[in-house]
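Worksheet: the structure to be examined is printed underneath.
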There are 2 protein chains.
Amino acid sequence: MEVNDITIIDGEKVERLKATLPNDDFIINIAELFKVFGDSTRMKILSVLLEDELCVCDIANIINATQSAVSHQLRILKQAKLVKYRKVGKVVYYSLDDEHVKEIYRKGRDHIEEL
Amino acid sequence: MEVNDITIIDGEKVERLKATLPNDDFIINIAELFKVFGDSTRMKILSVLLEDELCVCDIANIINATQSAVSHQLRILKQAKLVKYRKVGKVVYYSLDDEHVKEIYRKGRDHIEEL
DNA sequence: TCCTTATATGAATAATTGTTCATATATTTT
DNA sequence: AAAATATATGAACAATTATTCATATAAGGA
């Protein structure tokens, strides 16, 4: 015991549960992933990309944000492998990278709509 | 057009996509929900609660955090309706509130494990 | 009744982060 | 070649937030 020296359940069970805890890397990575979903601007971007592949300036227009803010947030979405892009001349088209985005979005929606 | 007056796609399509955007309340709520998942301490708490119903001090022991930190985070999880609790004397047992937690957790795991 | 235990909570602090503004880069148009 | 356009990015600032510490509350045991 390091932080607290009290337990309600027996020490054996505590040890067993400690063993089931995912390692720190996993915890940090999954928290980082959800953090990316945890911002209104990024959720708006993901929402429109659920509908269509779009360039930066159109995304900015549709969600009523500045080009700079959208570009910054797209970088974060890109790093999390939630969106991918395709360059056509000076225009960069962004789209969802995989099905997980849709699935996570839907599960989140289900939870808040259940009430 | 309010923020930018440039578009790549035609204005009609921009308007159509603006119409598909969820309203602000929804966006704020879903972002708030994922924000709750977006913290290591809370993810650790959810991880152990996926295994078992547990009291505050045992959670603190298992994830190696202070009682105070765990209690603060449990309040946030409670507000998001991700965990529920049951009082037995002075001991408070927390458990997952619904299936959505498991499902969201699994989808997040799938994404980071896909690489 | 007094002491201990389990949990909750307010305030302060430190760290993280989203936006803005200015500007850089790259591509197209004139 | 110069101007305009689409996007990216660094720095600064403001806002949010997680933890710690002290303490409050409430229940149980001596």
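The chains referred to below are lettered A, B, ... by the order of the sequence lines, with proteins before strands, and numbering in each begins at 1. Predicted, not measured: the structure shown is a model, and the values here were computed from it.
- Here C:dG18 presents its P atom at 16 Å from CZ of B:Phe34, a figure rounded to the nearest Å.
- Of the candidates C:dT7, D:dT19, D:dT7, the closest approach to any side-chain atom of A:Cys57 belongs to D:dT7.
- B:Gln73 has a side-chain polar atom (N or O) that falls below the 4.0 Å cut-off from OP1 or OP2 of D:dT19.
- If you measure from atom CG of B:Leu77 to atom P of C:dT9, you get 14 Å, rounded to the nearest angstrom.
- Residues B:Phe37 and B:Leu82 meet the side-chain proximity criterion, which asks for heavy atoms closer than 4.5 Å.
- Residue A:Asp39 is the one, among A:Lys90 and A:Asp39, whose nearest nucleotide of DNA chain C lies closer to the 5' end (criterion: closest heavy atom).
- For A:Ile59 and D:dT7, the CD1 to C1' distance is 11 Å, given to the nearest whole Å.
- Within the structure, every side-chain polar atom (N or O) of B:Ser68 is placed at least 4.0 Å from both OP1 and OP2 of D:dT20.
- The side chain of A:Thr66 has C:dT20 as its nearest neighbour among D:dT7, C:dT20, C:dT7.
- Remark: B:Arg106 does not engage B:Glu103 in a salt bridge, criterion side-chain N to carboxylate O under 4.0 Å.
- Side chain of A:Ser71 to backbone of A:Gln67: no donor-acceptor contact under 3.5 angstrom is found.
- Using a 4.0 Å heavy-atom distance criterion, B:Tyr94 is classed as a sugar-phosphate-only contact.
- Stacking here means ring centres nearer than 5.5 Å and ring planes tilted less than 30 degrees, and by that measure B:His72 does not stack onto D:dT19.
- Counting to the nearest Å, the C1' atom of D:dT7 and the CD atom of A:Gln67 are 5 Å from each other.
- Between A:Gly89 and A:Thr41, the one whose closest nucleotide on DNA chain C sits nearer the 5' end is A:Thr41.
- Contact annotation: B:Arg42 side-chain N/O to D:dA18 OP1/OP2 distance is under 4.0 Å.
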Side chain to side chain contact (heavy atoms under 4.5 Å, CB included) between B:Lys44 and A:Asp24: does it pass, once the steps are laid out?
CA-CA 9 Å; B:Lys44 284 181 195 169; A:Asp24 278 0; 4.0 Å; yes
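- Between B:Arg75 atom CZ and D:dA18 atom P there is a gap of 10 Å when expressed in whole angstrom units.
- Between the C1' atom of D:dT17 and the CD1 atom of B:Ile76 lies a distance of 8 Å, rounded to the nearest Å.
- The distance from atom NZ of B:Lys87 to atom C1' of D:dA27 is 8 Å, rounded to the nearest whole Å.
- Distance, B:Ile45 CD1 to C:dT7 C1': 13 Å, rounded to whole Å.
- In this structure, a donor-acceptor pair under 3.5 Å is absent between the side chains of B:Ser95 and B:Tyr85.
- At least one side-chain nitrogen or oxygen of B:Lys35 sits closer than 4.0 Å to the OP1 or OP2 atom of D:dT17.
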